[in-house]
Amino acid sequence: MHRWSKLFIPTLREAPADAEVASHKFLLRAGYIRQLGAGIYNYLPLGQRALNKIIGIVREEMDKIGQEFYLPALLPKEPWEESGRWTGMGDNMFRLKDRKGADLCLGMTHEEIMTTIARGELRSYKQLPQIWYQIQTKFRDEPRPKSGLLRVRQFIMKDAYSFDIDSAGLDKSFDLHDAVYRAIFTRCGLKFVAVEADSGAMGGSQSQEFMVYTDAGEDFIASCPLCGYAANLEKATSLLGPVEELVATGDGKPEEIHTPGMGAIADIAAFLKMSPANDIKCVAYMALKRGPAAKDGSRKDTWHGVAAFLRGDHQVNETKLLGALGAAELRTMQAEELQQCFNGPAGYLGPVGLKHDAEPLGEGLTVIVDRALDGRINMVCGANQLDYHYRNVTPGRDFTWTLAADIRSVNEGEGCPKDGCAGKLVVGKAVEIGHIFKLGYKYSESMGLRVLDPNGKEVTPIMGSYGIGIERILTAAIEQENDANGFCLAASIAPFTVVITVTNVGDAALRETGEKLAAELEAAGLDVLLDDRDERAGVKFKDADLVGIPYRINVGKKAAAGQVELVARSTSTSVDVGLNEVVALVKRRVDEEKLLEDSH
RNA sequence: CGGGGAGUGGCUCAGCCUGGUAGAGCACCUGGUUCGGGACCAGGGGGUCGGAGGUUCAAAUCCUCUCUCCCCGACCA
């Protein structure tokens, strides 16, 4: 049994000024965490208990499909050079040298390391499939840590890796993780959605994120309320309605028009009394192409000019653009670069007469057009000349391109992309709590993992990679359920399941009743905290509400009559219960919560 | 890295513009009165004003440099 008077639970009346999001404020106020530096936090006893409970659930579920490892966080350079990520990870990797001057890094993910184990030990298809996981501290030198535990530089991750003989096997491993992840998040009391996602730096084909809707999140999710389609905005597509085309003027060929001071799309649209959808906008980038790795691990990276053209009312999706180009990084062009590539100024850039490369990221300019320009006619675009535009511009007839691709972000209200679905997309903010990838052969190939197949032939196993952010589960749970007084965690992850508040410890009878009740609850298998502090009742109620414990039992005035109050934190409802029934009632409530989870 | 903001007892902040004895509330310690939704009274402890340099008889306050943290944009669990 734990007594509040003996525990270190430093609650705060006011949130420190630099906390902005709810979970950050409450984690600090409830005495779960204290900050040590930007994106670096101390976990205090209450926080540690909650995280341990989450880890327990993750471990229990993961053990159903995989085996737990524990790899080092301090890693030598070599495996990273083999995969190409020693340079590929860039500044996000914490690097250090040992006393001999050898390069080391702090692990930010462990594909490489797991692969070294696999290639050292796996010899036969008979040993596959394997699912290996660990729960371990990760280090990432984030450009901008923020929002308390939401984005930090040191965090706990459950990372798992699968090795299969073929893609059918990978599909199965992927589905196993999908199912187990759903079970984990449900047991943690999260209302989550699984969405299609971009694979990013991990590489690979298919990936799916698990998200919890919250304004504190950093991702946007497009979803269809009708059919259940859901995708990260980085990946989402939509069905566009028809656009009313402009009527051609003159001979129907591109015609230069004088448009002084109309560098913005809104201006030119108003001037020509047309919709921005009739305009072709240009966003000019410099894209970084990674060169092949040299023997010493170094690379020659090069920058290439890219002109992206899309509908005037659409926004570039840089994630999609990166993917379409096969580039590593993007930055917008400087004025001199614009002049050099377009011979024209920003605001008046256009595709007509633009020379472009045949292949992406070549010597000259890469012209990429968005698919939403397919089949469009009589559009308006910049003339690559200050204060001039063209009209009557038809893609394909009046200009060509290096490649066409989906490079725009969908907007709320656009049509659901699923065949036959008439739904309209809605966009919401969310935080990512888990991500599962089909990696493919990226690591097994580059690092030389081979096994013999049934025919005695060497084959390369196919891999998957699967992550869960442990602290993110806690953070998302708090974001999901909080009010003015604090937050409420599911019994499964709360540091304590029930707190017994003895309203007046000066009263020996009350104190004894509380002690006895606590012992009984503990005997019933519940995590119980006895608030035996010599504080006024109000202080103890406030603290109990603050720290997220789902059930509270008030031992007060009515105790003499054999009655206590059972208060549910989530609904703030209380019922009077007989002292001899309260243990069974709390137990039943907690068990019902579990049942509810299982039925998901 | 670009842009914006902040560093003053443990927490929230005032003081800075216009240089002149470092303050309030909460928290903490002692005593008393209270005791079901963050009590009250009295007394008390605690601060190199982020750091360095400069201007000045005198710097929390003015100047220069620097460090740290937070927020907005490119990354991801």
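Protein chains get the first letters and strands the later ones, always in sequence-line order, with residue 1 at the start of each.
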Report task. Look at the side-chain N and O atoms of A/Arg144 and state whether any lies under 4.0 Å from the OP1 or OP2 oxygen of B/C72. Result -> yes

Report task. Please state whether the phosphate of B/U68, meaning OP1 or OP2, lies under 4.0 angstrom from any side-chain nitrogen or oxygen of A/Gln35. Result -> no

Describe the nucleic acid contact of [X] in one word from base, sugar-phosphate, nothing, applying a heavy-atom distance below 4.0 Å.
X: A/Pro143; answer: base
X: A/Val152; answer: base
X: A/Ser147; answer: sugar-phosphate
X: A/Ala19; answer: nothing
X: A/Arg34; answer: nothing
X: A/Arg151; answer: base
X: A/Glu329; answer: nothing

Requested in this report: Quick one: which residue pairs count as a salt bridge (Lys or Arg N to Asp or Glu O under 4.0 Å) with a foot in residues 10-25 of chain A, not counting sequence neighbours?
Outcome: none

Query - Test: A/Asp406 and A/Lys320 ion pair at under 4.0 Å - result: yes

Query - A/Arg552/A/Asp545 ion pair, N-O < 4.0 Å - result: yes

**Report entry** Atom pair CG/CZ of A/Asn92 and A/Phe139 - distance to nearest 0.5 Å
**Finding:** 14.5 Å

Query raised in the report: Would you call the rings of A/His24 and A/Tyr41 parallel, tilted or perpendicular if under 30° counts as parallel and over 60° as perpendicular?
Result: perpendicular

Report summary line: Given protein heavy atoms under 4.0 Å, the one-letter contact record of nucleotides 23-29 of chain B, with B base, S sugar-phosphate only and - none, is simply --BSS--

Report summary line: Expected list for residues 552-572 of chain A near RNA chain B, using heavy atoms below 4.0 Å, is A/Arg552, A/Asn554, A/Gly556, A/Lys557, A/Glu565

